[in-house]
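Notes for the one structure printed next.
Convention: sequence-line order gives letters A, B, ...; per-chain numbering from 1.
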Amino acid sequence: MSTDYGFIVNDLLDWYDKNARELPWRNQSNPYFTWVSEIMLQQTRVEAVKGYFARFVKAFPTIKDLATADPDQLLKLWEGLGYYNRVRNMQKAAITVVEQYNGELPRDYHALLKLSGIGTYTAGAIASIAYQIPVPAVDGNVLRVIKRLTGSYDDITLPKVKKELEEDMLKIMPAKHSGDLNQALMDLGATICIPNGKPNCEQCPLNKKCKAFQKNLTDEIPVKSSKKKRTIEEKTIFLLECNGKYALHKRFDKGLLAGLWEFPNMNEALSIEKLESILSEHGIHEYELELLGPGKHIFSHVQWHMIGYRIHLPKHDFEWMEDLVWVTKDTIAKEYAIPTAFKAYTSQL
DNA sequence: AATTCGGGGTA
DNA sequence: TACCCAGAATT
């Protein structure tokens, strides 16, 4: 069952001419910059991206620079932005682009789609914005705007619903202004047809045609099926300090916060007595112990409840934990990417 | 189809 | 709190 959405194209393009947001990655013609912005914007708000975008393209001005970059330097530039696999995938794709496309992002939707970290949304966004290829870019904004427009109770978390909308939107893409149409839908979703709270329907260029507005259904549409609730994990974080240096540990290269640096830690809430006995078991008898405050961090699917200890050691040739590096506070700040989850303890270095 | 990947803004 | 954000990869 397909729907013809052709009746909204002119309204949206007219509205976009007057109301487009001015953003650092707009009004420029470098497809690589468009690519960087689209990766950063995945599940991430515009305001959060602005600073990261400027630093990133300054440090890596070309796809070749990205392809040859030090992975740890990339993670440092991404530090705090989240979803760190995005930057790993982007470098992997950059290497592919250098090897297969002479360092130039392909002007082809399906070729873009094959690159690591580029799915249907991002391929459509790059193709339409950077190359004016008439393909849609269906993100959460577009799903929300269109489902409200038609008063549809489709569950927008279902892959089938997104796929059908992509097929319908493909049919109405204008030959020359596909990038503008896609961005019009996104700007409308971000500024007028907003997700939380009351949308600003009185300002909407589509309100005369919008079923959700006419029937007062904007608080029930779009429908999103409920999510799993978060599990809680207890952790004990150690600030091991010796001769002005701190111990860091590199996380496993798969899974949560893959490849980032962390303070040594254990996956349980450790009492002082238990900690003292563990240290004793490892032959560690000279140290100063300080209990640090609790820390909490919420991820999408899990939350950490942490307690911390500062352990001041006279020497670091002990055999409690493996694979530690010892670095100064300044070096950590410049070179080591530590996720925000440890903020309660990085602030006490 | 369901889950896993961050972090912060907002009501 | 709970929800959401210019989603993609993995299972």
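- Look at A:Lys250 and A:Asp72 and you find a salt bridge, because one of the NZ, NE, NH1 or NH2 atoms lies within 4.0 Å of a carboxylate O, short of that distance.
- Along DNA chain C, read 5' to 3', the first and last nucleotides having any atom under 4.0 Å from a heavy atom of chain A are C:dT1 to C:dA9.
- Aromatic pair A:Trp261/A:Tyr336: centroids less than 6.0 angstrom apart.
- Straight-line distance from the OH atom of A:Tyr52 to the C1' atom of B:dG6: 10 Å, rounded to whole Å.
- Remark: P of B:dG6 and CG of A:Leu257 are 5 Å apart, rounded to the nearest angstrom.
- Using a cut-off of 4.0 Å between Lys/Arg side-chain N and Asp/Glu carboxylate O, A:Lys209 and A:Asp11 are scored as salt-bridged.
- Look at the P atom in both B:dG8 and C:dA9: the space between them is 24 Å, to the nearest Å.
- Counting non-hydrogen atoms under 4.0 angstrom, A:Trp304 reaches nothing in the nucleic acid.
- The residue A:Arg26 sits close to a base: some heavy atom pair falls under 4.0 Å.
- Salt bridge absent: A:Lys163 and A:Asp168 never bring a charged side-chain N and a carboxylate O closer than 4.0 Å.
- Using atom C1' as the reference point in both C:dC4 and B:dC5, the two lie 16 Å apart (nearest Å).
- Within the nucleic acid shown, A:Ile194 has no heavy atom closer than 4.0 Å to any nucleic acid atom.
- The residue A:Ile39 sits apart from the nucleic acid: no heavy atom pair falls under 4.0 Å.
- Nucleotides C:dC5 and B:dG6, compared at atom C1', are 12 Å apart to the nearest Å.
- Residue A:Lys162 is classed as a sugar-phosphate contact, given heavy-atom separations below 4.0 Å to backbone atoms only.
- Centroid-to-centroid, the aromatic rings of A:Phe299 and A:Trp304 come within less than 6.0 Å.
- Taking side-chain N and O atoms only, A:His297 has a distance below 4.0 Å to OP1 or OP2 of B:dG7.
- When rounded to the nearest whole Å, the span between NE2 of A:His301 and C1' of B:dT4 equals 5 Å.
- Rounded to an integer number of Å, the gap from CG of A:Leu75 to P of B:dG7 is 12 Å.
- Among the heavy atoms of the strands lying under 4.0 Å from A:Gly80 are primed sugar atoms or P, OP1, OP2 only; no base atom is included.
- For B:dG6, neither phosphate oxygen OP1 nor OP2 lies less than 4.0 angstrom from any side-chain nitrogen or oxygen of A:Thr340.
- Of the two residues near DNA chain B, A:Lys160 and A:Asn196, the one whose nearest nucleotide lies more 5' is A:Lys160.
- Looking at heavy-atom distances under 4.0 Å, A:Asp155 makes no contact with the nucleic acid at all.
- Going from atom CG of A:Leu256 over to atom C1' of B:dT3 covers 13 Å, rounded to whole Å.
- In this structure the side chain of A:Lys171 never reaches within 4.5 angstrom of the side chain of A:Asp4, judged on heavy atoms.
- Residue A:Thr44 is the one, among A:Gly197 and A:Thr44, whose nearest nucleotide of DNA chain B lies closer to the 5' end (criterion: closest heavy atom).
- Residues passing the salt bridge (charged side-chain N to carboxylate O under 4.0 Å, His left out) test with A:Arg45: none are found, sequence neighbours excluded.
- At the heavy-atom level, A:Thr120 lies under 4.0 Å from the strands shown only through sugar-phosphate atoms.
- Taking a cutoff of 4.0 Å between a charged side-chain nitrogen and a carboxylate oxygen, A:Glu268 and A:Lys274 qualify as a salt bridge.
- Residue contacts for A:Lys50: at a heavy-atom cut-off of 4.0 Å it reaches no nucleic acid atom on any strand shown.
- Across all strands shown, A:Ala341 has heavy atoms under 4.0 Å from sugar-phosphate atoms exclusively, and none from any base.
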### Evaluation steps, side-chain hydrogen bond (donor to acceptor under 3.5 Å, both in side chains), between A:Tyr121 and A:Glu166
CA-CA 9 Å; A:Tyr121 163 75; A:Glu166 287 171 339; over 6 Å; no
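- Residue A:Gln43 contributes atom CD, which lies 17 Å from atom P of B:dT3 at whole-angstrom precision.
- Separating the CG atom of A:Leu41 from the C1' atom of B:dG8 is a distance of 14 Å, rounded to the nearest angstrom.
- Across the C1' atoms, C:dA8 and B:dG9 are found 23 Å apart, a figure rounded to whole Å.
- One interatomic measurement links the two molecules: CZ of A:Arg230 to P of B:dT4, which rounds to 13 Å at whole-angstrom precision.
- Contacts of A:Phe299 with the nucleic acid, taken as non-hydrogen atoms under 4.0 Å apart, involve only primed sugar atoms and P, OP1 or OP2.
- Heavy-atom distances to DNA chain C give each of A:Thr122 and A:Pro195 a nearest nucleotide, and the one nearer the 5′ end belongs to A:Pro195.
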